[in-house]
Every structure is written in C-alpha cells, then in structure tokens.
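So the structure is just underneath, and the comments pick up after that.
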Amino acid sequence: MQPVGPEAREPEDRTHPWWKVMCLTGVDYFSTLSYLPGIAALAAGALSPLATLLIVALTLFGMLPMYRRVARESPHGQGSVAMLERLLSFWRGKIFVLVLLGFVATSWIITITLSAADATVHLLENPYLPESFPHGTLAAVVVTVVLLLILGGVFLLGFSEAVGVAIPLVAVFLALNAVIVVVGLGEVAANPAVLGNWTSALTARGSGLTDIVGPAVLAFPLLVLGLSGFETGVSMMPLVASEGETPEQRLAARIRNTRKLLTTAALIMSVYLIATTFVTTVLIPPEQFRPGGGANGRALAWLAHRYLGEGFGTVYDVSSVLILWFAGASAMAGLINIVPRYLPSYGMAPEWGRAVRPVVIVYTLISIVITIAFGADVDAQAGAYATGILAMMFSGAIAVTISVFRARHRGGAVGFTVLTLVLLYALTANVIEKPDGLAISAMFIAGIIIVSLISRVSRTTELRAERIEFDEPARRFVAENLAHDGRLDLIANKRDSGAVKEYRLKEKAQRVMNPVPSAADVLFLEIDVVDPSEFSQVLRVRGEEVDGYRVLRTSSPAAPNAIAAILLALRDATGVRPHAHFEWSEGSPIAHLLRYLILGRGDTPPVVREIIRKTEPDPARRPGIHVGG
C-alpha cells in the first residue's frame with residue numbers, strides 16, 4: 001500500500017478502467033436490488049414507489065454531488081475521512097479519525113458478513129435445494145463461513161481477480177433484473193386490474209399530503225442503506241486508471257474518471273430502483289411481503305418464479321446468491337484501500353498493515369468471528385450495518401458542507417446543509433429504532449482505539465524516519481568536523497532563545513561534565529518537535545551557523561527517535577562512529593515517559609540509547625551516548 005499524498009507512486013501496474021472498478025463497487029450497490037424493493041413495500045406499503053422516489057432524489061441531487069466533491073478533494077482513496085482529519089490537529093485529529101474508522105469498519109465488516117449471510121438465506125430457501133440438506137442456525141453459519149473464506153481467497157489472489165469476478169456478476173444480475181422489470185411492466189399493461197388495485201390502496205390511505213408523504217418519509221431511513229456504494233467508490237480511486245504525461249495530469253484524469261464511475265452507477269441504480277419498486281408493489285400481494293411470506297426479502301425473486309418459471313427463477317436465485325456473496329468484495333476493497341492508509345502511518349498498526357494480503361487475512365478472520373457471534377442472522381446485524389453506513393455518510397456530508405462554506409459557495413452550502421440534516425434524521429431514526437447498532441459500533445470504535453494505542457506504545461522505540469536528507473551546509477559542517485580530528489562529536493541541545501550565549505554556555509557545560517576531548521570540534525544537534533501525534537516523516541536536516549557555532553536542525557514528531565536516526569545515518573555515511581553528549585533531565589521518570597509518549601519529548605538520553613540498541617545489534621557499531629550532570 002503506497003503512502004498517501006502527491007509523492008505517492010502512481011500504481012499503473014494495478015489500475016483498471018473506471019467501468020470495471022464500478023462493477024467492483026457495484027456488487028455492493030447493485031446487489032441491494034435483491035432486498036430493497038421488499039423492504040420498501042414492507043415499510044411503506046403501496047406508497048413504496050414514492051419512498052423510492054425520495055431515495056432517487058437524494059441520490060441524484062444529494063449524494064452524487066457530495067461524493068463528486070469528495071473525489072476532487074480527497075483523490076488518493078482516503079474518502080471523506082481525510083477531509084475531516086484536516087479540520088483537527090494534534091491528538092484530537094487522530095482520535096477523531098479513529099472514531100470515524102470505527103464506523104467505517106463497522107459498516108464494511110458488517111456489509112461483508114451480512115451480505116454473505118443474506119446469500120446463505122437465498123441459497124437455503126431455494127425450492128430446488130434437496131430437503132435433506134441441513135437447515136437451521138448451524139447450517140447457516142457453516143455456509144456463511146465457507147462463503148467468507150472463498151471471498152478472502154479471491155482477494156489473496158489479487159485485486160485484478162476480484163475485478164474480473166465482479167464484472168460478469170454485475171452484468172448478469174442487471175440483465176436478469178431488466179428481464180423481470182420488462183415482463184412485470186408487460187403484466188401490468190396486460191392486466192389493468194392490478195394497477196387499479198394499487199391506486200385503490202393509495203386512495204385508501206387518504207388524500208391529504210401528510211397521508212401520502214408521511215409513510216414514505218418514515219420508510220426513508222431504511223432505504224438510505226442502499227447508498228453505501230458511494231463511499232466505497234471514492235475509497236477505490238487508486239484503482240481507477242488515468243492518462244497523462246505528468247502526475248498532476250494523471251491525478252486530474254483519475255478524478256474525472258471516478259466522477260464518471262459515481263454518476264453512471266447512480267443513474268443505473270436510480271432507474272432500476274424506480275422500476276423494480278413499481279412492479280413489485282403493483283404485482284405482489286401485500287401479505288407476501290410480511291415475515292414468512294414468499295416475497296419477504298426477495299421480492300424480485302418472487303416475480304421471477306411467478307411470471308418467468310421455476311427455471312428462470314432459479315437462475316435469478318443463483319445470480320442473487322453470487323452477487324450478495326460478492327457484495328462483501330466491495331466492502332473488503334474499501335477496507336483495504338482506506339484503513340491501511342491511516343493506522344500504520346499513525347504508528348497504530350504494524351508496518352505489514354500496509355500490505356494487502358495480511359490485512360485480507362485479518363478482515364476475513366474478524367468477519368468469521370462476527371458471523372459465529374451473530375449466528376449468521378441477517379436481522380441481528382442490520383442495526384450495526386445501518387448505523388455504520390449512516391454515520392459514515394453523515395460525516396461525509398459534514399466534511400463537504402464545511403468545505404463548501406469555506407469556498408464561499410452559498411447555494412452549495414445551503415444544499416449540503418439540507419443533505420446533512422436529512423442524513424442526521426435518518427441516523428437518529430435508525431439509532432432510536434435499533435439502539436443495538438450504536439452499541440456494536442461503539443465496540444468497534446473501542447477495539448480500534450485500544451489496539452491502536454497499544455500498537456503506538458509498542459512502536460515508540462522505532463526510528464520513525466521515512467528517510468533522512470542533509471542539505472549542503474549540513475553536509476559541509478559534518479565534513480569540516482571530520483577533517484578537524486577525524487571524530488564526530490555532537491551536543492544535543494533543546495533550543496531556547498537561539499542566542500550565541502546559549503551555545504557558548506552549553507558547550508562549556510558539556511566539556512566539563514562529559515568526555516568531550518578538549519581539542520575536539522563539536523556540532524550542535526537540535527530537534528524541533530512538531531505535532532507529536534504524527535508517527536514518522538522525512539527528516540530534512542539543515543545546517544545553520546550562529547556566530548561560529550555550527551548547528552544541525554530538523555523537525556520531527558519525537559526528539560529521541562530523530563536523534564537516533566541522525567546518529568545512525570551519520571555513521572553509515574561517514575564510516576565514523578559518532579558520539580552524542582547529553583545532560584540529564586530533572587523530574588520523575590514516569591512523567592518523562594508520559595511526556596515522551598504524548599508530546600515527543602522527555603528524558604531523551606536513555607530513550608535514544610534504547611532505540612539505537614534495538615536497531616543496531618552490534619555494540620561496537622553503536623553511536624556513543626554520553627550523559628552528565
């Protein structure tokens with residue numbers, strides 16, 4: 001996994017045309033056609049087409065513009081999380097991102113487990129399945145775990161294989177749905193009575209605006225869940241192929257292609273949602289949508305069996321099972337592309353967390369544990385699924401709204417504010433109806449924070465430098481120091497005023513308390529701690545002269561780690577074992593430890609020595625650390 005930012009290498013070797021990546025995101029987005037019409041009918045009854053129109057309006061005039069802007073402002077696959085991260089600095093920003101990643105992990109992990117469990121339900125309820133085949137919770141868990149293992153195996157092979165599997169699944173599924181819609185519209189045209197029954201059901205609810213719009217608005221939060229594909233779409237931007245001679249041109253092309261992906265997916269889904277909701281509501285008796293009914297959770301499958309025969313219906317069932325199973329691929333791809341871009345760079349996960357295959361294994365194991373814990377029950381996971389997705393979309397709406405306000409686009413600011421309020425309503429309604437979803441999300445958040453902090457503490461004694469660059473004056477100072485007596489003696493200094501007197505007194509004190517040869521030439525080494533919540537960065541060492549005193553200065557999230565990295569770099573570059581001279585710090589060792597973990601400073605000498613000890617196993621090659629006072 002490449003680091004995020006303009007310096008990241010363009011991954012031309014594993015990119016794909018935007019329409020292929022759309023199929024990978026679409027296995028999650030388009031697969032909701034298997035159950036959304038049934039959910040709409042159960043929630044809004046005869047008014048479900050109107051509720052669907054609200055979702056389509058939200059899709060085309062809210063979510064699509066929002067994520068098109070996210071694609072422009074966060075083009076390296078970080079999604080809306082990166083936009084919100086920029087609003088907060090220091091540890092507040094890191095904790096805020098961890099909370100958001102908790103909701104992201106909730107929605108996408110549960111998407112994987114819930115989709116696989118839903119595929120299992122379609123499989124076990126198929127009429128052609130032998131009656132002797134095991135049923136019940138144990139069978140559902142076993143089948144779901146097998147599907148998860150196969151899904152993980154596909155991703156262990158690579159992204160190209162995942163994209164290759166997604167394309168035919170999406171194409172066949174959309175084609176089968178188109179056939180059902182066309183046949184369904186033909187049945188409506190041939191039997192005007194069913195249309196009359198539907199209009200009668202509408203009028204029976206009342207003629208007032210509240211009577212018509214009210215139930216549709218109440219059903220609205222349940223249908224918002226089908227919009228989860230937008231976040232996965234922007235999270236997979238690094239997979240979208242682009243053209244151009246320079247990195248800037250390729251990045252602009254990737255943004256344009258991602259916008260094509262989002263727009264095309266939204267238009268396709270909008271047409272299918274309206275058409276499928278209409279035919280299922282008009283043609284299926286209301287009692288069939290209720291729990292235990294033949295159309296509960298599988299309305300289009302019911303139409304396929306009823307009007308196109310058992311053979312076609314079984315083909316549709318197989319297609320539904322496959323796309324629901326592989327819907328987890330979209331979530332898996334999103335997790336692979338976004339989570340490793342944050343936790344390892346924060347020092348809150350091992351470096352192997354940047355690689356694809358290890359994290360696939362981790363996510364697959366977590367999915368299996370959750371499946372066993374919930375007994376592969378779709379309804380039991382629905383609350384956490386909804387909470388995670390709605391929280392993720394709500395945070396994205398906030399990020400875009402703030403961005404538009406800063407850009408002083410008044411019309412856009414008003415529109416995105418309304419969108420934020422709509423998603424807040426949906427999130428609140430869902431939490432009130434299914435509070436267990438918030439509790440499960442809180443468990444994910446707590447787990448990520450605890451594991452992240454443990455990892456951060458365990459990695460504090462790493463060098464934490466991506467690379468070290470010395471400017472020309474710094475290289476000259478080192479060369480002059482070596483030319484004087486063949487030694488490298490450095491005095492660590494925490495800069496106060498930076499005046500000449502400070503360096504004169506510091507050098508005098510060190511020559512008294514430490515074994516600095518009287519004739520030795522010395523360099524001062526100063527580390528400016530900047531944002532200690534960061535974990536690592538490029539160390540750019542500058543050489544600066546203060547009235548004859550030569551100083552090597554750099555900025556780093558942690559002073560001891562930077563000093564150790566610079567000493568080792570000097571040893572490797574010159575072949576001379578450098579000696580660093582320190583003064584003991586006053587105060588409690590526990591307080592110094594906490595200051596180091598949180599603020600990047602503390603009792604520096606022992607930490608520097610420990611970092612060098614862990615990095616260099618040969619004591620004879622370790623830079624010398626001398627402490628007095």
Walk me through whether Thr401 and Thr420 qualify under side-chain hydrogen bond (donor to acceptor under 3.5 Å, both in side chains). CA-CA 8 Å; Thr401 302; Thr420 302; 3.0 Å; yes
Going by the rule side-chain hydrogen bond (donor to acceptor under 3.5 Å, both in side chains), which residues pair with Ser403 if we only count those two or more places apart in sequence or in a different chain? Arg69, Glu73
Measure the shortest side-chain to side-chain distance between Leu300 and Ser34 over non-hydrogen atoms and say whether it is less than 4.5 angstrom. no
Compare all side-chain heavy atoms of Leu390 with those of Phe103 and state whether any distance is below 4.5 angstrom. no
Residues that Ser395 engages under side chain to side chain contact (heavy atoms under 4.5 Å, CB included), provided they are two or more places apart: Ser80, Leu84, Leu100
Is any side-chain heavy atom of Leu174 closer than 4.5 Å to one of Phe30? yes
Non-hydrogen atoms of Ala397 and Leu423 that approach each other most closely: CB-CD1, 3.8 Å
Between Tyr29 and Phe230, how do the two ring planes meet: parallel, tilted or perpendicular, split at 30° and 60°? tilted
Side chain to side chain contact (heavy atoms under 4.5 Å, CB included) involving Thr144 - partner list, sequence neighbours excluded: Ala116, Ala117, Thr120, Leu148, Thr371, Ala376
When you measure from the side chain of Thr280 to the backbone of Thr277, do you find a donor-acceptor pair of N or O atoms at a distance under 3.5 Å? yes
Met63 side chain reached by Leu419 side chain, heavy atoms, under 4.5 Å: yes
Can any side-chain N or O of Asn257 pair as donor or acceptor with the backbone N or O of Pro17 at less than 3.5 Å? no
Heavy atoms only: give me the nearest Ser115-Leu324 pair and the separation to one decimal. CB-O, 2.9 Å
